[in-house]
Structure formats: structure tokens, C-alpha cells
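Within every chain, numbering begins at 1; the chains are lettered A, B, ... in the order of the sequence lines, protein sequences first and strands thereafter.
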Protein chains: 2
Amino acid sequence: MTTTIKDVAKMANVAPSTVSRVIANNPRISEQTKRRVREAMDYLGYHPNFNARSLANRSAQAIGLVMPGSADKAFQNPFFPEVIRGISTIVHEKEYALYMSTGQTEEEIYEGVMRMVQGGRVDGILLLYSSVDDRIMNYLVEKKFPFALVGKPLKDEQSITHIDNDNFQAARDVADYLISLGHEKIGFVGGSSRLVVTIDRLLGYEKSLRSHQLPYREDYIIHEEFLEKGGQEAIRKLMALDKPPTALLVMDDLMAFGVLRTLSEMQLSVPNDISVVSFNNLMLAAFSTPGLTSVDINIFQLGYEAAVCLMDLISKPDQKPMRVAVPYHLIERQSCKARTVQKEGSGSM
Amino acid sequence: MTTTIKDVAKMANVAPSTVSRVIANNPRISEQTKRRVREAMDYLGYHPNFNARSLANRSAQAIGLVMPGSADKAFQNPFFPEVIRGISTIVHEKEYALYMSTGQTEEEIYEGVMRMVQGGRVDGILLLYSSVDDRIMNYLVEKKFPFALVGKPLKDEQSITHIDNDNFQAARDVADYLISLGHEKIGFVGGSSRLVVTIDRLLGYEKSLRSHQLPYREDYIIHEEFLEKGGQEAIRKLMALDKPPTALLVMDDLMAFGVLRTLSEMQLSVPNDISVVSFNNLMLAAFSTPGLTSVDINIFQLGYEAAVCLMDLISKPDQKPMRVAVPYHLIERQSCKARTVQKEGSGSM
DNA sequence: TTGTATGCGTTATCAT
DNA sequence: ATGATAACGCATACAA
């Protein structure tokens with residue numbers, strides 16, 4: 001049916017193995033026969049069968065992408081397309097293909113990953129999130145299957161290749177910034193507390209408060225999904241408090257939009273009534289009203305570096321685990337404002 | 001190394017072929033042995049090798065995604081993640097996997113598609129754009145390889161399965177809308193003129209003008225990339241005209257943002273000085289200032305329906321080509337305003 | 001430098 | 001109801 005290596009061999013008057021060698025550009029084949037074989041390939045429109053090749057080779061020339069929830073969920077947040085952009089550039093360079101798992105529940109995703117891995121569909125995996133005690137990561141570790149993590153593992157930092165920002169420091173910087181603006185009641189709107197990135201940033205936030213002798217109030221800490229809706233939920237809870245915060249550290253721009261929208265529905269003004277800083281610096285951050293002050297975490301680069309590391313892991317059998325810290329920086333826009341001095345004034349700063 | 005069907009067979013005291021039948025849940029195997037085999041599979045943590053299966057089967061249980069330019073380019077526009085969301089839901093239901101081709105130039109993408117197809121990596125292809133005289137589409141047609149097109153083919157409409165909006169009518173509606181607002185000088189900011197969607201909408205726009213006895217001016221037609229930058233370029237050209245338009249039909253929200261931004265840099269007000277309507281109704285449309293009046297083309301559904309069709313094409317050998325028209329509707333926000341009556345007043349409407 | 005034979009892990013076609 | 005065996009298309013160790 002489809003043309004195989006044998007057809008080419010026949011046409012070029014050589015053995016199939018010779019054709020195979022020509023494909024691999026084996027130096028021990030004479031230029032003459034190479035040319036002859038290549039002509040035959042061109043003429044017949046031959047293309048190698050990947051499945052057969054993978055089978056004989058045990059390599060698939062493809063890497064798998066694992067997102068939290070299936071693509072139809074994750075892609076709601078522009079974070080993922082953007083990491084994938086970074087990944088894609090390097091994957092393309094290496095002539096690899098990209099494979100996306102689909103699955104709604106954690107169980108389904110886990111199954112999908114097992115199938116990818118054991119089924120020999122992919123040579124390596126990129127884990128695009130890091131959560132506490134993740135089955136999938138445990139599985140990969142145990143299997144000693146090449147993978148890189150976008151994010152930080154909770155433990156085994158030394159043995160797991162991972163690429164992230166210094167989220168502890170980033171959150172601390174942000175809180176410091178808010179405090180320097182005179183804010184003392186700062187809310188934290190984060191993602192699931194099972195996400196390591198949430199944990200890290202919460203720690204950084206806490207550290208900042210403590211170093212400024214500010215109280216750390218549990219009721220200022222909210223955990224929601226990284227979506228607009230999450231932000232809406234969060235801000236409702238916070239504003240219902242007896243003493244609502246005057247500033248917010250929001251972990252995701254999308255959430256921040258939810259916050260902004262709800263606040264404006266409540267007739268509250270950002271930044272006059274409340275200041276907001278968030279993370280990711282998505283394109284939307286520039287377009288919202290007011291412009292959103294946001295931490296640019298270099299999402300693209302996160303993906304790019306992760307792909308580079310994974311490729312190393314795949315090609316160099318005894319590559320040591322790596323850790324790459326991608327720089328971040330605060331982009332100031334119009335969502336923050338200095339607070340007029342408090343009456344209670346503990347005089348900090 | 002990895003556990004194969006043979007290991008399972010040995011452990012369950014059956015032949016490999018029997019194990020294979022159990023996997024396929026062949027009814028001619030007794031429940032007893034099925035149970036025994038399954039226990040062995042569980043115990044050994046067996047997972048079938050996809051490559052071997054595909055090889056024997058000539059089916060990959062995967063479909064390929066083809067975007068204009070590689071992911072790292074295309075994903076700059078939220079359109080693509082959103083179509084993929086739609087695709088992903090149905091692909092996941094059918095337990096298929098998703099392959100993404102990577103490639104920068106048209107040549108590279110073409111090569112990638114050939115490799116996917118002839119290499120047996122995928123059982124079908126989703127073409128996420130439609131351009132005039134597209135090599136890739138021609139190749140797929142010629143190969144009679146199952147594929148569905150998101151968009152409309154320029155010719156062979158009857159024989160190519162495609163999913164789109166009625167873009168002619170949509171653009172006509174939009175232009176009518178602008179005209180009903182009193183605008184007579186309406187600019188058209190579109191994508192590449194090689195894209196069928198551009199062609200269709202341009203036709204609809206023209207039709208609207210003509211039916212209202214309004215002049216169709218070449219210099220009001222701009223073609224740029226579907227990115228913010230494209231919009232910036234476009235509006236600069238238009239505003240440099242002797243009689244710049246008072247209203248714009250912009251083909252993409254991202255472009256529209258570019259337009260908005262540049263206009264505001266020029267100290268021009270939307271909608272007071274100029275009205276803007278665009279397409280796609282991305283999340284950003286709601287967040288921009290002013291809120292962007294945009295045509296919701298149901299991107300998610302576009303992807304969803306396309307995947308459904310492709311699955312039919314794959315599973316039913318003699319499935320006829322299909323055409324699905326996804327509805328659209330105009331979402332009015334604040335970027336358009338009625339024009340005060342013109343002095344020259346041809347009195348239309 | 002090139003050809004021969006074998007294996008990669010499954011499925012499918014015969015048998016029994 | 002189950003087993004033996006031959007593909008599937010390619011790569012590679014071993015010969016020549």
C-alpha cells in the first residue's frame with residue numbers, strides 16, 4: 001500500500017538495510033549509492049514509518065505535555081499557550097513532535113501519562129505544573145523516565161530537573177513593594193494550596209509581613225482557581241471582612257481581572273480604594289483599566305528552558321538533574337497607589 | 001525490559017494472542033481466562049506499546065493539528081488555544097491523542113505534515129486555517145487522507161469537510177450595522193489576502209457598501225497580520241489618508257487592540273472620533289477600554305464541531321464530506337457610536 | 001561498502 | 001475458546 005523501505009530498495013537495486021543506512025546517513029555507504037537510493041526515495045515519495053522506527057529504535061522523537069486538567073481546561077488561562085510557545089521553539093529545532101495528553105480528572109491524566117510513557121509514544125515529559133504529592137511526578141520519578149518540571153518540586157529538589165522563578169523572593173518583593181507604599185492590610189489571593197507555586201509565594205508574602213512586624217492574618221489568605229471567577233470569589237470574601245485589606249497580592253492576572261471587575265461592580269476604585277498587584281503579566285494586564293501592575297515571570301522563557309533541559313535529559317543518558325531559575329520583574333502600571341498615612345501608624349518605614 | 005504481552009501471557013499461562021484478545025475484549029474469550037489475564041496485566045503493570053499496535057493495526061489513535069506557522073507563532077493569538085479547547089474535549093472523549101506539528105515556514109510545516117501522515121503518527125488531520133492554494137490541503141486531498149478544515153475552502157466546497165461561520169454574511173451584517181449608525185466611510189482591516197476568511201469577509205463588506213450605494217475605496221482596505229502590531233500598522237496607514245474612515249471593521253480582536261492603542265496615542269477617541277467593530281470576541285474584548293464591540297464567532301464550537309466531523313471521517317470509511325456552519329452574533333459594547341448626520345448627507349438610512 | 005537475518009511488541013489469519 | 005505463526009516497517013549485529 002504505502003511505499004516502504006523495501007520498495008525503495010528494490011528500485012535502487014540495494015538491500016533494505018542499505019536504504020535504512022542511507023536514511024541514517026551512515027558514513028559507510030558510498031556517495032554513489034546514497035544518491036541512487038535518495039533518488040528512488042524522492043521518486044516514490046517515500047517517508048519512513050514512525051511506528052516501525054520507534055519500535056525498532058525505542059525512541060519516538062516526540063515529547064509529551066502534561067497540564068493540570070486537559071487542554072480544554074488549562075487553555076482557559078493564557079499561561080499555558082505561552083509556555084508552549086517557548087517549548088515549541090526548541091522542540092521544533094530538534095525536529096521533535098509535541099504530544100498533548102487529554103484527560104479531565106487527575107486519574108484520567110495519570111492514565112494518559114502512563115499510556116504515553118509505557119506505550120512508547122514519547123521520549124520525555126514536560127510537567128507544566130507542580131503540586132504537592134503528585135502521582136504523576138512520583139510515577140515518572142519511580143520509572144526514571146526523563147522529565148522536566150515547570151515549577152519547583154516540594155521535595156527532592158536536588159534530584160528533579162526543574163525550571164521556575166524564585167517565587168518566594170518574588171512574592172516577598174511584591175509584598176515589600178506594597179508595604180513601601182504604606183499598606184499594612186494586604187490580602188493574598190492565591191491558587192490551590194496544593195500547588196507548590198502557591199506555597200512558595202505565600203511563604204514569601206509571610207516573610208515580608210513578618211520582617212515588617214505586620215500581622216499575618218489567616219482571613220486575608222484566599223485560595224481559588226486561576227481564573228477570572230476565582231478572583232471574583234476571592235474579592236467577595238475579602239470585602240466581607242470587618243477590616244478588608246487595602247492592597248492585594250493576586251497570584252494570577254486572570255484572577256486579578258475578576259477582582260477588578262467585581263470591585264468596580266461594588267463601586268470601589270482601584271487604585272484609590274484598593275491596590276492590586278498580580279503575577280504573569282499577560283497581555284491583558286496592559287489592557288485592563290486601570291493597567292495592572294504585574295510581575296513578569298517570563299513564561300515563554302520558562303517553557304523554553306524546560307524544553308532545553310528535557311532535551312539534554314533525553315540525549316545525554318547520564319545528565320545530572322538541573323535547576324534553572326528564570327528571572328522576573330515587576331511591571332508597574334496603574335493599579336497601585338501609595339496609602340495616606342494611617343492614624344494608628346506603627347510607623348513602619 | 002518493559003513488560004510485554006509475552007510476559008503477561010507467560011504469567012497467565014496463555015498464548016500471547018489470547019492476551020491480545022483480552023485487550024480487545026474479544027467476546028470469544030471465556031470470562032475466566034479474561035480475569036486471569038487481567039490480573040496478570042495488573043500485577044505486572046502492563047501497558048500496550050502503541051507503536052507496535054499502530055504498526056500492526058495501521059491506526060495511531062491520534063490526530064494532528066496544523067496551524068499557520070508553528071505553535072510558538074500561532075499561540076500568540078488566543079484564537080488557537082480556544083479552538084484547541086473545543087477540539088480537545090471531543091478528542092479526549094474518544095480517547096485519542098493530539099499531535100502538534102512544529103515548523104516555522106510553510107515548507108517546514110508541509111514537511112511536518114507529510115511526516116505525520118506518511119509516518120503513521122496520526123489517523124487524521126485538523127487544518128486550523130484555510131488559505132488560497134494551500135500545499136498542505138492539496139496534499140491531503142490528493143492522498144485522500146482524512147481531514148477537516150476550520151474555515152472554508154476556496155474551491156471544492158462540496159468535497160472538503162469544513163467547519164466555519166458564514167463569514168460573508170457576518171461581515172455584511174457588521175458593515176450594515178456601522179452604516180445604520182450613520183457611517184459612510186468605513187475602513188476594512190483584514191488579515192492576509194491569501195486567507196479565505198479575509199476574502200469572504202471582504203466580499204461581505206463590499207456587498208454591504210454596494211447595497212447602500214456607498215463607494216468601495218481601495219485605500220480603505222488594509223491587510224495585516226492578526227496581531228496587535230498588525231492593527232497598529234493598519235490604523236497608521238488609514239489615518240494618514242486625506243479622508244480617514246469614521247468607522248472600522250477589524251477582522252481580529254488582537255488587531256483591534258493595536259488599533260485602539262495607536263488611536264489613543266494619537267489622542268483620538270473611540271467611539272467619539274471613530275467607531276470600531278472586530279471579530280472573535282476574545283476575553284480581552286470585554287476588558288479593553290472602551291469595551292470592544294465584537295462578533296462572537298464561537299471559536300470553541302468551531303473546534304468542537306471540527307473534531308466531531310474528523311472523528312466521523314476516520315471511523316466511517318465512506319462518510320460523505322460535511323459542512324457545518326457555526327452561528328455568530330454581534331456583542332455590542334462601547335466601541336461604536338452613531339455618527340451625527342453628515343453635511344453632504346446622501347441621506348442613506 | 002553492502003547484504004542477510006533477526007528482533008522490536010502487536011494484531012490477524014489460520015488452525016485446532 | 002485458544003494456540004501457533006505470519007505480517008507490520010524498520011534498525012542492527014553479524015557476515016561477506
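A:Ser20 comes within 4.0 angstrom of a base, heavy atoms only. Counting any heavy atom pair closer than 4.0 Å across all strands shown, A:Ser54 reaches no nucleic acid atom. Residue contacts shown for A:Phe50 are absent, as no nucleic acid heavy atom lies under 4.0 Å away. Using a 4.0 Å heavy-atom cutoff across all strands shown, A:Pro16 reaches no nucleic acid atom at all. A:Val19 comes within 4.0 angstrom of nothing in the nucleic acid, heavy atoms only. Across all strands, B:Asn26 comes closer than 4.0 Å to no nucleic acid atom at all (heavy-atom distances).
Remark: A:Ile87 CD1 to B:Phe75 CZ distance equals 10.0 Å, nearest 0.5 Å. To the nearest 0.5 Å, atom CZ of residue B:Phe80 and atom CZ of residue B:Phe226 are 8.5 Å apart. Atom CG of residue A:Leu154 and atom CG of residue A:Leu195 lie 11.0 Å apart, to the nearest 0.5 angstrom.
The separation between A:Gln61 atom CD and D:dG9 atom P is 20 Å, rounded to whole Å. Counting to the nearest Å, the C1' atom of D:dC10 and the NZ atom of A:Lys6 are 10 Å from each other. A:Ile5 has its CD1 atom 14 Å from the P atom of D:dC8, to the nearest Å. Remark: P of D:dG9 and CZ of B:Arg121 are 17 Å apart, rounded to the nearest angstrom. Atom NE2 in A:His47 sits about 15 Å away from atom C1' in D:dG9, given to the nearest Å. With rounding to whole Å, B:Asn25 atom CG is found 13 Å from D:dA1 atom P. Counting to the nearest Å, the P atom of C:dG3 and the NZ atom of A:Lys10 are 14 Å from each other. Between the C1' atom of C:dT2 and the CD atom of A:Glu31 lies a distance of 15 Å, rounded to the nearest Å.
Two end axes, each from the C1' atoms of five base pairs, can be drawn for the helix from C:dT1-D:dA16 to C:dT16-D:dA1; they diverge by 40°, to 10 degrees.
Judged by atom type and distance alone, A:Arg21 reaches the base of C:dG3 through a side-chain donor-acceptor pair under 3.5 Å. Between the side chain of A:Ser17 and the base of C:dT4, at least one donor-acceptor pair of N or O atoms lies under 3.5 Å.
Checking A:Tyr304 against A:Asn298 by side-chain atom types alone, no donor-acceptor pair falls below 3.5 Å. Side-chain contact, A:Asn25 with A:Lys34: a donor N or O sits under 3.5 Å from an acceptor N or O.
Here A:Thr33 reaches the OP1 or OP2 of C:dT2: one of its side-chain N or O atoms lies under 4.0 Å away. For C:dT11, one of the phosphate oxygens OP1 or OP2 lies less than 4.0 angstrom from a side-chain nitrogen or oxygen of B:Arg53. Under 4.0 angstrom from either OP1 or OP2 of C:dA12 there lies at least one side-chain N or O belonging to B:Asn57. For C:dT1, neither phosphate oxygen OP1 nor OP2 lies less than 4.0 angstrom from any side-chain nitrogen or oxygen of A:Ser30.
Shown here for B:Ala9 and B:Ala15, the closest heavy-atom pair between the two residues is CB-C, 3.8 Å. Residues B:Phe147 and B:Leu313 share a closest heavy-atom pair of O-CD2, 3.4 Å.
Nearer to the 5' terminus of DNA chain D, by closest-nucleotide assignment, is the contact made by B:Arg28 (compared with the other of B:Arg28 and A:Tyr46). When the nearest nucleotides of DNA chain C are assigned to B:Asn49 and A:Ala15 by heavy-atom distance, the more 5′-ward of the two goes with A:Ala15.
Checked against C:dG3, D:dA11, C:dG9, the side chain of A:Ala56 finds its nearest nucleotide in D:dA11.
For the pair B:Arg121 and A:Phe50, the cation-pi test (distance below 6.0 Å, angle within 45°) is passed.
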